[in-house]
Amino acid sequence: MAFRIAYFKVHYPEAFYATYFTARADDFDAELILQGPKRIKEVMIEIEKKDKGASAKEKNLFTILEVANEMYMRGIHFVPIDLYKSDVKRFTITQDGILPPISSLQGLGITAAQNIINERTKGRFTSIEDLKRRTKITKNVVQILKQNGILNDLQETDQISLF
């Protein structure tokens with residue numbers, strides 16, 4: 001098994017990383033990792049300083065951060081999460097890099113991500129209001145999407161202001 005993993009890691013690195021992160025998606029923190037290798041190293045140092053005081057979640061995150069840092073060092077990058085292209089749970093290989101799933105954002109559950117995926121197949125969202133109405137997502141989920149720049153292209157409401 002180790003030889004197979006090594007083979008894919010060397011010859012098909014994008015596929016290896018996409019598969020690895022898909023398998024470990026529960027521990028993946030897209031908001032943190034999309035900030036790049038500098039931020040990843042800072043958080044790794046913070047976790048290392050805690051030593052035995054680090055929680056199980058932080059230890060799992062540390063492993064993810066090591067692999068993400070290695071990926072960045074090999075010249076493979078993540079692309080920002082896209083409301084219309086990201087999958088629910090799977091990391092996708094694109095020409096520009098690896099596209100994380102919508103559910104990789106901390107605080108955004110599988111159900112909310114699935115609702116977004118289901119509704120986007122019926123047509124583009126016209127506004128944040130339309131997104132909330134069609135997907136039935138909460139204000140917290142909308143806030144998470146806004147914080148990560150996923151809703152930058154959408155206006156708040158469908159109303160047109162004359163003044």
Side-chain angles (χ1 to χ4, degrees), residues 1-118 120 125 131 135 137-154:
M1 187 61 114
F3 286 118
R4 289 183 198 165
I5 291 170
Y7 178 84
F8 277 95
K9 195 170 188 180
V10 171
H11 296 288
Y12 302 99
E14 291 89 357
F16 169 80
Y17 290 117
T19 303
Y20 178 83
F21 290 124
T22 297
R24 302 289 304 270
D26 294 340
D27 299 323
F28 192 87
D29 184 351
E31 185 174 355
L32 166 64
I33 293 174
L34 288 172
Q35 292 178 30
K38 184 178 178 188
R39 180 69 180 131
I40 289 172
K41 288 176 189 171
E42 290 171 358
V43 173
M44 287 174 67
I45 290 169
E46 289 173 18
I47 295 172
E48 282 178 331
K49 284 181 183 176
K50 291 182 180 180
D51 196 28
K52 294 184 180 178
S55 68
K57 183 173 181 166
E58 288 173 323
K59 289 176 184 176
N60 290 340
L61 177 62
F62 187 83
T63 305
I64 296 290
L65 294 176
E66 283 180 316
V67 175
N69 188 47
E70 172 190 295
M71 187 186 93
Y72 276 117
M73 295 301 115
R74 293 182 72 189
I76 303 168
H77 301 282
F78 286 105
V79 294
I81 294 172
D82 188 291
L83 191 62
Y84 298 102
K85 296 177 185 171
S86 291
D87 192 66
V88 174
K89 291 192 231 180
R90 284 202 150 101
F91 286 75
T92 310
I93 301 169
T94 68
Q95 288 183 336
D96 300 323
I98 297 176
L99 177 65
I102 294 175
S103 63
S104 65
L105 292 168
Q106 295 296 311
L108 200 149
I110 297 293
T111 305
Q114 189 64 53
N115 288 346
I116 291 170
I117 302 299
N118 291 342
R120 78 179 184 197
F125 300 108
L131 172 72
T135 61
I137 57 175
T138 64
K139 290 179 184 178
N140 291 338
V141 171
V142 171
Q143 189 62 35
I144 292 167
L145 293 171
K146 281 182 180 180
Q147 283 174 335
N148 289 282
I150 298 168
L151 303 180
N152 288 348
D153 295 341
L154 291 178

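- Counting only distance, with no hydrogens or angles, the side chain of Tyr17 and the backbone of Val67 share no donor-acceptor pair below 3.5 Å.
- Looking at Leu32, Ile40, Asp29, Ile33 one by one, the single match for side-chain contact (heavy atoms from CB on, under 4.5 Å) with Ile64 turns out to be Ile33.
- Inter-residue side-chain proximity for Thr92 and Lys85 is flagged as unmet; no heavy-atom pair is nearer than 4.5 Å.
- Take Gln147 and apply the side-chain hydrogen bond (donor to acceptor under 3.5 Å, both in side chains) test, not counting sequence neighbours, and it matches no residue.
- At a threshold of 4.5 Å between non-hydrogen side-chain atoms, the residues Pro100 and Phe21 do not count as touching.
- Note: Leu83 CG to Leu131 CG = 6.0 Å, rounded to the nearest 0.5 Å.
- Of all heavy-atom pairs between Leu105 and Glu31, the closest is CD2-N, 4.2 Å.
- Scanning both residues, Leu145 and Leu108, for their nearest heavy atoms gives CD2-CD1, 3.6 Å.
- Residues in residues 7-18 take part in these salt bridge (charged side-chain N to carboxylate O under 4.0 Å, His left out) pairs, two or more places apart or across chains: Lys9-Glu70.
- In this structure, Thr111 OG1 and Asn118 CG are separated by 10.5 Å, a value rounded to the nearest 0.5 Å.
- The neighbour count for Asp82 CG, taken as heavy atoms of other residues, nucleotides or ligands under 6.0 Å away, is above 12.
- In this structure, NE2 on His77 lies 11.5 Å from OG1 on Thr94, to the nearest 0.5 angstrom.
- With values rounded to the nearest 0.5 angstrom, Thr138 atom OG1 is found 7.0 Å from Ile144 atom CD1.
- Atoms CG and CZ, from Asp27 and Phe62 in turn, are 14.0 Å apart once rounded to the nearest 0.5 Å.
- Scanning both residues, Ser104 and Phe91, for their nearest heavy atoms gives CB-CZ, 4.4 Å.
- Between Ile102 and Arg120 there is a side-chain heavy-atom pair separated by less than 4.5 Å.
- Taking each heavy atom of Val79 and Gly97 in turn, the nearest pair found is CG1-N, 3.8 Å.
- Between Tyr84 and Phe125, the closest heavy-atom pair is OH-N, 3.0 Å.
- Proximity of Ile81 to Leu34: side-chain heavy atoms (C-beta onward) are separated by under 4.5 Å at one or more points.
- Pairs engaging residues 88-106 under the salt bridge (charged side-chain N to carboxylate O under 4.0 Å, His left out) rule: none recorded [sequence neighbours left out].
- Heavy atoms only, all atoms of each residue included: Asn69 and Met44 are closest at CB-SD, 4.5 Å.
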Q) What's the verdict on ring pair (Phe, Tyr, Trp, His ring centres under 6.0 Å) for Phe16 and Tyr12, showing C-alpha distance, side-chain angles and the deciding distance? A) CA-CA 6 Å; Phe16 169 80; Tyr12 302 99; over 10 Å; no
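- Under a cut-off of 6.0 angstrom, the local environment of CZ in Phe8 is sparse, with at most 12 non-hydrogen atoms contributed by other residues, nucleotides or ligands.
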Q: Output, in order, the C-alpha distance, side-chain angles, deciding distance and verdict of salt bridge (Lys or Arg N to Asp or Glu O under 4.0 Å) for Glu42 and Arg39.
A: CA-CA 5 Å; Glu42 290 171 358; Arg39 180 69 180 131; 3.3 Å; yes
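- Atom CG of Asp87 is separated from atom CD of Gln114 by 8.5 Å, given to the nearest 0.5 angstrom.
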